[in-house]
Amino acid sequence: MQKILLLIISILLLQISFSFAQNAPGTGLHIKKATEEIKLDGILDEATWRNADVANNFYTNYPYDTALAEFQTEFRVSFNDDYVYLSFIAQDDTTADMVNSLRRDFNYNLNDNVGIVFSPFNDKQNGFFFIITPKGIQMEGIMSAGGASDNAWSIYWDCKWFSKVVRYKDHWIGEIAIPFKSFRYKSDVTEWNIAFDRYDAKRNIKSAWIQTPIQFPTACMAYSGQLKWDDPIPKSKRNISLIPYVAGGLSNSAPYEAKPSGNLQVGFDAKAAITPSLSLDLTVNPDFSQVEVDRQVINLTRFEFQFPERRQFFLENSDLFANAGFPGVRPFFSRRVGLVQDSVGLYQQVPIAFGARISGSLNEKWRISLMNMQTKEMLSQGLPVQNYGVATILRNFKGQSNISFTFVNKQSLGVGAGDSLKYFHQSIFNKLGGTETQTEPNLFNRTFTADLELLSDDNKWYFSSYATKSLDEEKVDKTGAIGYYFKYATRNLQITQNAKYLGENYNPEAGFAPALRVYAGQLSHSIGSQYKFFPKAPKLVFMGPEVAFSETYLPSGPLTDRNYGLSYNFNFLNTSSFEISAEHTFQRLTNDFSLSNPEVFKSFLTNEVYKWNTFTMAYQSSTIKKVNYTLSGAYGGFYNGTNFNISGQLNARYQPFGNVSLLVDYNDLKLPANYGGAEKLFLIGPRLDLTLTDKLFITTYVQYNNLLDNVNINGRFQWRYSPASDFFIVYTENYFANSFNSKNRALVFKLNYWLNL
């Protein structure tokens, strides 16, 4: 209890003593209404462009951040009643552009591109980005948390916008038209946060309109400018989008079904603007069969692996729900809705009946999100009808800081006292490998969470804290969790520190808490530091050491986990990198733990103590080259045995039409005979990605995992026949690895159309 009190006191002291830096200098760019019709032709001959303000004098951000960019970029902006218009001129001395693919939502790091980010709420917190390559390929998405880190950017949000790019000998020109209907904005403000950036992938050079320190992403809102509206922003018009779909197909779960079964279903999504910055999203009988299959992993840890959310309905303003708590303790994780792991660890869809969400900004200071989703009964997985309700309200203050409150309710419907034979419920503890089961479902599970985020105006200082509590029928005490995270980052030095306490009975069933099974009822803390040297070497960008230390205790005092490591990193101008590291691990198990397949491996038992060391080397070759690879090797102890791991990926591209990759993960695991003995674990995943045109795409993915005794084949054909409208054909099949007999197969199609009303 004394350690818990010290944790709470340290959180309060950090909140009180947190100091903010001065505002980063901003630059204003005036936007005026267009004086004539703007034609998207890549020829900037309209008077509107000749008279527009110019955003120029781009500064490099990487590999150095102290000089103007050698190849400059210019942006201009304008608007009319229906569109925001942007044009740019990107100087270059070669037409040998690096364009990896013709696929929309391309890989940012493998394509020359220019980008625009704006926060129409003027809060430096949330916004939208639009990026385009010299081939005119588009990518758009949403930005949260001020764009201060890589995970603050999501490419899975889609909207309609229009563009034209023309390539010349020594530059390329682009024109962009973004409908006001395609995004949320405030029409009663006179300024928006805006940023422009460029990535010259063939030279590995990043530049931005606002000079941005090398330790931060270009276009993060701490280093954004102000878009100043000289003419009034258009008032919101009727803004309703309807996205109906029809889907069907054949499936077979061999050998249990003699004949394949067919299905045909229809449904729709709908979007409506309640206000220009507050939207209503509806979905009825949604189908996500076109969403790309998850990459399998060999997971030899005690923790559940987290896959990203890719389903369109859950994405807009998703940061309000997804950022509650902190990594490792998330009260809500949208993949808990409509997805469930089967007996071999693969995710299966749970049919969703309907869903609704209201989300957005009330004004510059307040944001809200309310969501309700209901799934259908799924007897094959022992799931009754379940309803999920989530609500978040957030208040911004002092620049990029905020406080928020989140409530999550998971309710089982139509379940009575006699239903334990019909349904087999597993709590989050069971999903993480527990042996204790609950034969009668919880009728409800609820969490209450408060979050505080403090971010200095120059992004050097960051502090986050949370307090959360769960509530269900079974657990009434020790159901809370609390923690904080602190980061200080400069050009050379980064320091992080965090601590958390997980109550013994904390149980967010609709959330993601991989540490819960391992650290329930324990206090954890960690600290890490990284230092970067920027030597004056022609091929080296930076190098430097990194240290990390963490410990976990029971409240009564005994140490349960200790981990410390030392690494040294090299980053080169040609995008290659090399890292060498050493790590020491101590574990005193607080519960029984089995590796992924309990039929092969015996459980490590509670109170057993293990110590081991691991040495790792990792290399990433230059991604500028059309054939590149990543390779890592690790050797050391593993509980009461040893493990030798080799993993990597080989990539080859025939740009911009095709990409081939091969993912390999090999573990030579040697344990005592009574714990499973010697096992060689393989994961092999070849992938073919063809972009025949900017509208026709074919992806084929094969995965072989001997730990799961599974071979998976997934093929997807996509035809984008109209903006944001697609036709898909998807084939997937799972086989037993040893016999290659089919477990199940499905061939489905889906057709959707985005209709603006």
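Under the 3.5 Å distance criterion, with hydrogens and angles disregarded, no donor-acceptor pair is assigned to the side chains of Thr212 and Asn61. Side-chain contact, Glu453 with Ser401: no donor N or O sits under 3.5 Å from an acceptor N or O. Gln494 and Tyr531 share no side-chain donor-acceptor pair at under 3.5 Å. Under the 3.5 Å distance criterion, with hydrogens and angles disregarded, no donor-acceptor pair is assigned to the side chains of Trp229 and Asp231. Looking at Asn122 and Gln226, their side chains do bring a donor and an acceptor atom within 3.5 Å of each other. No donor-acceptor contact under 3.5 angstrom links the side chains of Glu175 and Ser163, judged on distance only. In this model, no donor atom of one side chain and acceptor atom of the other lie less than 3.5 Å apart for Asn107 and Asn100. For Ser576 and Asn574, the side-chain atoms include at least one donor-acceptor pair closer than 3.5 Å.
Phe463 is not listed as a side-chain neighbour of Lys487, based on a closest heavy-atom distance of 4.5 Å or more. Using a 4.5 Å cut-off on side-chain heavy atoms (C-beta onward), Leu86 and Ile178 make contact. Side-chain atoms of Phe321 and Ser369, non-hydrogen and from C-beta on, do get closer than 4.5 Å to each other. Within the 4.5 Å cutoff, no side-chain heavy atoms of Val189 are placed close to those of Phe121. Side-chain atoms of Phe71 and Phe58, non-hydrogen and from C-beta on, never get closer than 4.5 Å to each other. For the pair Tyr223/Thr218, no side-chain contact is recorded, criterion being any heavy-atom separation below 4.5 Å from C-beta on. Gln211 is not listed as a side-chain neighbour of Thr60, based on a closest heavy-atom distance of 4.5 Å or more. A 4.5 Å side-chain heavy-atom check between Asn571 and Leu540 finds every atom pair outside the cut-off.
Aromatic ring pairs are classed by plane angle as parallel below 30°, tilted from 30° to 60° and perpendicular above 60°; the pair Phe326 and Tyr466 is parallel. Aromatic ring orientation, Trp172 versus Phe88: perpendicular (interplanar angle above 60°, classes split at 30° and 60°). The aromatic rings of Phe79 and Phe180 sit perpendicular, their planes meeting at an angle over 60°, well past the 30° parallel limit.
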Check your understanding: Given the rule in the side-chain contact (heavy atoms from CB on, under 4.5 Å) test, do Ile368 and Thr392 qualify, once you have shown the distances and angles that lead to the verdict?
Key -> CA-CA 6 Å; Ile368 64 166; Thr392 294; over 6 Å; no

Exercise for review: Walk me through it: do Ile210 and Thr27 pass the test side-chain contact (heavy atoms from CB on, under 4.5 Å)?
Suggested key: CA-CA 7 Å; Ile210 307 296; Thr27 299; 3.4 Å; yes

Practice item. Start with the C-alpha gap between Asp726 and Arg720, add the side-chain angles, then the distance that decides, and say whether salt bridge (Lys or Arg N to Asp or Glu O under 4.0 Å) holds. Key: CA-CA 4 Å; Asp726 298 281; Arg720 175 145 287 195; 2.8 Å; yes

Review point. Which is it for Leu278 and Ile358 under the side-chain contact (heavy atoms from CB on, under 4.5 Å) test, yes or no, and what are the steps along the way?
Key: CA-CA 7 Å; Leu278 193 66; Ile358 295 175; 4.1 Å; yes

**Study point:** Lys271 and Asp269: CA distance, side-chain angles, deciding distance, salt bridge (Lys or Arg N to Asp or Glu O under 4.0 Å) verdict
**Key:** CA-CA 7 Å; Lys271 295 176 175 289; Asp269 290 343; over 6 Å; no

Exercise for review: Report the C-alpha separation of Trp209 and Phe75 in whole Å, then their side-chain angles, then the decisive distance to 0.1 Å, and conclude whether the ring pair (Phe, Tyr, Trp, His ring centres under 6.0 Å) test is met.
Suggested key: CA-CA 9 Å; Trp209 176 42; Phe75 268 95; 9.0 Å; no

Practice item. Given side-chain contact (heavy atoms from CB on, under 4.5 Å), test Asn569 with Gln530 step by step and report yes or no. Key: CA-CA 10 Å; Asn569 306 276; Gln530 181 182 21; 4.2 Å; yes

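Using a cut-off of 4.0 Å between Lys/Arg side-chain N and Asp/Glu carboxylate O, Asp92 and Arg203 are scored as salt-bridged. Between Asp65 and Arg491 there is a salt bridge, with a side-chain nitrogen of the basic residue lying less than 4.0 Å from a carboxylate oxygen of the acidic one. In summary, Asp281 and Arg357 engage in a salt bridge, as defined by a charged side-chain N under 4.0 Å from a carboxylate O. Salt bridge Glu191/Lys228: present, at least one basic N to carboxylate O contact under 4.0 Å.
Residues Thr449 and Pro331 share a closest heavy-atom pair of OG1-CG, 3.1 Å. Closest heavy-atom contact between Tyr62 and Asn204: CE2-ND2, 3.4 Å. The two residues Ser279 and Arg184 make their nearest non-hydrogen contact at CB-NE, 3.1 Å. Pairing each heavy atom of Phe314 with each of Ser334, the nearest pair is CD2-CB, 3.7 Å. The minimum heavy-atom distance between Ala152 and Gly147, with the atom names listed, is CB-CA, 3.8 Å. Taking all atoms of both residues into account, the shortest heavy-atom contact from Lys124 to Ala222 is NZ-O, 4.5 Å.
With rounding to the nearest 0.5 angstrom, the OG atom of Ser207 is 11.5 Å from the OH atom of Tyr199. Note that OG of Ser119 is 6.5 Å distant from CE of Met221, once rounded to the nearest 0.5 Å. To the nearest 0.5 Å, atom OG of residue Ser78 and atom CG of residue Asp53 are 11.0 Å apart. Note that CG of Leu454 is 11.5 Å distant from CD of Gln400, once rounded to the nearest 0.5 Å. One distance of note links OG1 of Thr133 with CE of Met139; it measures 9.5 Å at 0.5 Å rounding. In this structure, CG on Asp112 lies 13.0 Å from CD1 on Ile132, to the nearest 0.5 angstrom.
Residues meeting the side chain to side chain donor-acceptor pair (under 3.5 Å) test with Lys33, sequence neighbours left out: Asp81. Not a single ring pair (Phe, Tyr, Trp, His ring centres under 6.0 Å) links Phe578 to another residue, sequence neighbours left out. Residues meeting the ring pair (Phe, Tyr, Trp, His ring centres under 6.0 Å) test with Phe288, sequence neighbours left out: none. Every residue two or more places apart in sequence or in another chain that forms a ring pair (Phe, Tyr, Trp, His ring centres under 6.0 Å) with Phe542 is listed here: Phe534. By the ring pair (Phe, Tyr, Trp, His ring centres under 6.0 Å) test, Phe118 pairs with Phe130, Phe183, Trp192, sequence neighbours left out.
Within a 6.0 Å sphere centred on NZ of Lys164, other residues, nucleotides and ligands contribute 12 heavy atoms or fewer. At most 12 heavy atoms of other shown residues, nucleotides or ligands fall within 6.0 angstrom of atom NZ in Lys135. More than 12 heavy atoms of other residues, nucleotides or ligands shown are found within 6.0 angstrom of NZ on Lys160.
Only one option out of Asn111, Val99, Thr691 pairs with Phe106 in a side-chain contact (heavy atoms from CB on, under 4.5 Å); it is Asn111. Residue Arg367 forms a side-chain hydrogen bond (donor to acceptor under 3.5 Å, both in side chains) with just one option from Asn402, Asp123, Asn126, and that option is Asn126.
The salt bridge (Lys or Arg N to Asp or Glu O under 4.0 Å) analysis of residues 99-111, with sequence neighbours excluded, yields the pairs Arg103-Asp689, Arg104-Glu140.
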